2 protein chains.
Amino acid sequence: MSRRDEVLQAALDLLDEVGLDALTTRRLAERLGVRPGALYRHFDSKRALLEAMVQHLLTSAPETQVAGDWAQQVRAVAGAGRAAMLTRRDGARLLVSHLAPSEAARAGWERFVGVLRGAGLDEPGALLAADTVFSYVNGFTIEEQTRDGFPQTAERRAWRDQVFQAGLELIVAGIRTSLS
Amino acid sequence: MSRRDEVLQAALDLLDEVGLDALTTRRLAERLGVRPGALYRHFDSKRALLEAMVQHLLTSAPETQVAGDWAQQVRAVAGAGRAAMLTRRDGARLLVSHLAPSEAARAGWERFVGVLRGAGLDEPGALLAADTVFSYVNGFTIEEQTRDGFPQTAERRAWRDQVFQAGLELIVAGIRTSLS
DNA sequence: ACCTGAACACCGTTCAAGT
DNA sequence: ACCTGAACACCGTTCAAGT
């Protein structure tokens, strides 16, 4: 494990402990037993650190299932996105504000749009459906993490998962009607 | 106009100029020709200022139309929410992070849920539909304001309005299917 | 009522110098 | 390769004192 990865790991741990607003370079340095300036050998800026944290969040997520019909794949992609955000405190906010355009992100998006095209939607329709699901997942999870504490209780999490899935079914049903 | 309102107005102007992340009490003080400490006569904290800004955003929005069937009212409420956020730079982020629970907000929510109940949804169904629309509107607009500049061009805004409405129709269609 | 002056405990970042 | 020491230009907030 490179020193860079150790810094990254400490930053992720610190995020869970204090939240995004209190995640400062100076606190991170203190946790590493090092002066603040030393961090800049490993990351060009705090922004670069945050982008690496987002990358870690997305990369360490389990592979999305590619099985099932389009509706099942929509559920899988949406659920995986939500799960990734929920692995860390303020994960949703972190993601929307510091997601750097990347090849992996673009490829995942293309694949998702492709699934919807395969279901019978035309290109604009598939883009719209993907965009709507994306907005819903982000909006739902940001709201949730802003109001709830961290970590959520298991009961709270289970309940929110149910609400999330039910809301997603509304959108899936809407997409289905636009297929005919 | 009280001095408090003048400070609030200056803060709203500054938000449009520099964005939420660069909105500091010190910059605000400088714009008012005053020392930073002077602000604390009018607002207890920066957080209180931000909450007052949110309140202003919501209050100064035009009254939502209460005419039409439930689908038209959903469109009106969602459109008004989006419009309110778009009146200021980073309005969506400001709203989700600094919306203090208020009587007015609760009443608006109740009214919205009431409309959906009137359409024939049961209580859990109406709550779910309202929650889904809310998540979508917030998610869509946060994403938009994070990526686009400020102000948007008129063309960009018109295009995003179209996409927004089309995505909302997906959700409306989904709600409709759950009515039977 | 409103503001100044001055301070306090913080930020992110740079850079020469050390090991 | 990694870190220190020291600095720079910032933050939010408090409070006695002035008008």
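Bear in mind the structure is a predicted one, so any value in this text is a computation, not a measurement.
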Would you please classify the geometry between the B:F112 ring and the B:W109 ring as parallel, tilted or perpendicular, with 30° and 60° separating the classes?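 Judged by the thresholds at 30° and 60°, the geometry between B:W109 and B:F112 is perpendicular.
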For the residue pair B:R75 and B:E169, what are the closest heavy atoms and their distance?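 Closest approach of B:R75 to B:E169: NE-OE2, 2.6 Å.
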So, [X] and [Y], do they make that salt bridge, N to O below 4.0 Å?
| X | Y | value |
| --- | --- | --- |
| A:E51 | A:R47 | yes |
| A:D161 | A:R156 | no |
| B:R106 | B:E103 | yes |

Closest-nucleotide mapping onto DNA chain C: is B:G37 or A:R27 further toward the 5' terminus? I mean the 5' end.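 The residue whose closest nucleotide sits nearer the 5' end is B:G37.
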NA contact type, A:R4, heavy-atom cut-off 4.0 Å: base, sugar-phosphate, or nothing?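 If one applies the 4.0 Å heavy-atom cut-off, A:R4 turns out to touch nothing in the nucleic acid.
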Looking across every strand, which nucleic acid part, if any, lies under 4.0 Å from B:R47 by heavy atom: base, sugar-phosphate, or nothing?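 If one applies the 4.0 Å heavy-atom cut-off, B:R47 turns out to touch nothing in the nucleic acid.
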Can you tell me the pairing partner of C:dA6 across any strand shown, Watson-Crick or G-U wobble, with both distances under 3.5 angstrom?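 Looking at the geometry, C:dA6 pairs with D:dT14.
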For D:dA1, give its Watson-Crick or G-U wobble partner with both distances under 3.5 Å, or none.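 Pairing partner: C:dT19.
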Check the hydrophobic clustering (I, L, V, M, F, W, Y; side-chain heavy atoms under 4.5 Å; chains of links allowed) and say if A:L95 and A:F150 are grouped together.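 No, separate clusters.
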Give me the first and last nucleotide of DNA chain C, going 5' to 3', that has any atom under 4.0 Å from a heavy atom of chain B.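 Reading along DNA chain C, I get C:dC2 to C:dG5.
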